[in-house]
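A note on names: the letters A, B, ... follow the listed sequences, proteins ahead of strands, and every chain is numbered from 1.
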2 protein chains.
Amino acid sequence: MVEPTPIICTVDVTLLTLQDDMLHVLLLKRDREPFAGALALPGGYVHAEADQSAEDAAARVLKEKAGIVSPYLEQLATFSGPGRDPRGWSLSVAYCALLPAELLAVDGAERQLRPVARLPALPFDHARIVDAAVQRVRSKSQYSSLPVYLCGEAFTLPRLQAVYEAVLGEPVNKVSFRRKMDELGMLEAIPGAQTSGGAHRPAQLYRLRREFRHALSMLDRGINV
Amino acid sequence: MVEPTPIICTVDVTLLTLQDDMLHVLLLKRDREPFAGALALPGGYVHAEADQSAEDAAARVLKEKAGIVSPYLEQLATFSGPGRDPRGWSLSVAYCALLPAELLAVDGAERQLRPVARLPALPFDHARIVDAAVQRVRSKSQYSSLPVYLCGEAFTLPRLQAVYEAVLGEPVNKVSFRRKMDELGMLEAIPGAQTSGGAHRPAQLYRLRREFRHALSMLDRGINV
DNA sequence: CAAATAGTGTCTCTAAGACAATATCGT
DNA sequence: ACGATATTGTCTTAGAGACACTATTTG
């Protein structure tokens, strides 16, 4: 058998963040064909010369096209077929990244955050990719600490709870939430650091324990690939 | 920017089955380079001309190389990099299939079932792929009905429980198991059908309800992509 | 009826949610 | 002291597991 027809190999990254307590996705204005000028997910070719893996390519694309280095980058799924890209039979490895909104610079035209609940029409099969990302994040948030990636370095428990609620789209029980966070043992109170300003009791600030900074706890469900 | 260097696009399928109450994986003797003669996962190029998607390619490979049409075929993850295939920078979309052992014809030399707990050395990164498949199946079995794909058409509850225990590698509570199966409402007793032969009470035979034949219940955890 | 496995009833234990009391701020 | 939000204590409830009992077959 001979080498088959080359296949277009790309990566696409769904970068999710929280704005106004709603999940938003980063969209970039495409600067070349196909779909030049349209808003789309950051994406690009896998470069055999530059990349050591598809994940490397995703990180590179995110850095080059959006100037972002995300601490969380997870492979979602791979989408493929003859019809998803007008250039021909293509295959795209989709990734999902999470970032606190504070670390995200968006300028009006080129980079935009759009709420995932009201997306514009997207080129390729990017709508399906965003759907898969949101579903994955929701699902993992039910049993893992994934939403901490949407908070900054320091956060209060009420704030973290609000983030969980925003991601899950439903209220969570306060007592159970705190019990769970306590059991997980991933957070530590920042000594002496508390919120201030409101006309009410200040809240304790927490941060991820060092051991968990770069290793998200999945409760050993073995879901992550 | 010009089109980048072509990338080798393949699929690999981890077909798991149960033999002697242990998970086994199907390995084929490779008939061409690289690694001709070695045992490896069924795999092959994605054909832009023939396949409508990578999943199609996986189904085709399984059919052509092993003569199998699996009712369950799930995308696992995509593995890529310059070093995993001696032919060059390659990308493989890995799939996981499940099949009852009765439907699997293995001849001594060309096709073999090997226990996942004692795998021979495998070419490429096939060992990692099998690991990912086993992990995924174990994980999903904790909250879904996935193991029914390892049983045949009809099965008893004690048998199904044994399958769960084999997959999970730990005993499961009989009462809870039956309660759960009952709640799920996916099984139905086959009227009048019972096991026979043993010197003991016969067991009721069950089958998947029609609604669930081709739609595995994931308990709405939204894990599947 | 004895042995063996199938199927069920029920108690206990654990985890999650509801509810409400207490704590600590700014005004 | 009052309003507001944070934090904690405890009761209730739902689900999972332990255990033991009943049921049905063959020899």
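A close approach under 4.0 Å does not occur between any side-chain nitrogen or oxygen of Arg179(B) and OP1 or OP2 of dA16(D). Here Lys180(A) reaches the OP1 or OP2 of dA16(C): one of its side-chain N or O atoms lies under 4.0 Å away. Between Arg201(A) and dA4(D) there is no side-chain N or O to OP1 or OP2 distance below 4.0 Å.
Spacing between atom CD of Gln142(A) and atom P of dA16(C) amounts to 13 Å, rounded to whole angstrom units. dT7(D) atom P lies 8 Å from atom CD of Gln194(A), rounded to whole Å. Protein atom CG of Leu168(B) is 14 Å distant from nucleotide atom P of dA16(D), rounded to whole Å. Rounding to whole angstrom units, CZ of residue Phe177(A) and P of dG9(D) are separated by 18 Å. As a whole-Å value, the separation of Glu183(A) CD from dA16(C) C1' is 10 Å. The separation between Leu187(A) atom CG and dT7(D) atom C1' is 15 Å, rounded to whole Å. When rounded to the nearest whole Å, the span between CD of Gln204(A) and P of dT24(C) equals 13 Å. Rounding to whole angstrom units, CE of residue Met181(A) and P of dA6(D) are separated by 16 Å.
For Ala203(A), taking side-chain heavy atoms from C-beta onward, the closest of the listed nucleotides dT7(D), dT25(D), dT24(C) is dT7(D). In this structure, the nucleotide among dG17(C), dA18(C), dA4(D) sitting nearest to the side chain of His200(A) is dA4(D). Ranking dA18(C), dT8(C), dT24(C) by closeness to the Arg178(B) side chain, first place goes to dT8(C).
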Walk me through whether Gln112(A) and Val106(A) qualify under side-chain contact (heavy atoms from CB on, under 4.5 Å).
CA-CA 6 Å; Gln112(A) 300 187 21; Val106(A) 290; over 6 Å; no
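Looking at which nucleotide of DNA chain C each of Ala199(A) and Asn173(A) is closest to, the 5′-most match is held by Asn173(A). Each of Leu157(B) and Gly197(A) lies near DNA chain C, and the nucleotide nearest Leu157(B) is the one positioned closer to the 5' end.
Close placement of the Tyr164(A) and Phe177(A) rings is indicated, their centers lying within 6.0 Å of each other.
Thr78(B) and Thr78(A) share a side-chain donor-acceptor pair at under 3.5 Å. Under 3.5 Å, the side chains of Glu74(B) and Tyr72(B) contain a donor-acceptor pair of N or O atoms.
We find that Arg128(B) and Asp12(B) are not joined by a salt bridge, their nearest charged nitrogen and carboxylate oxygen being 4.0 Å or further apart.
In terms of polar N and O atoms assigned as donor or acceptor, the side chain of Lys174(B) comes within less than 3.5 Å of the base of dG7(C) in a complementary pairing.
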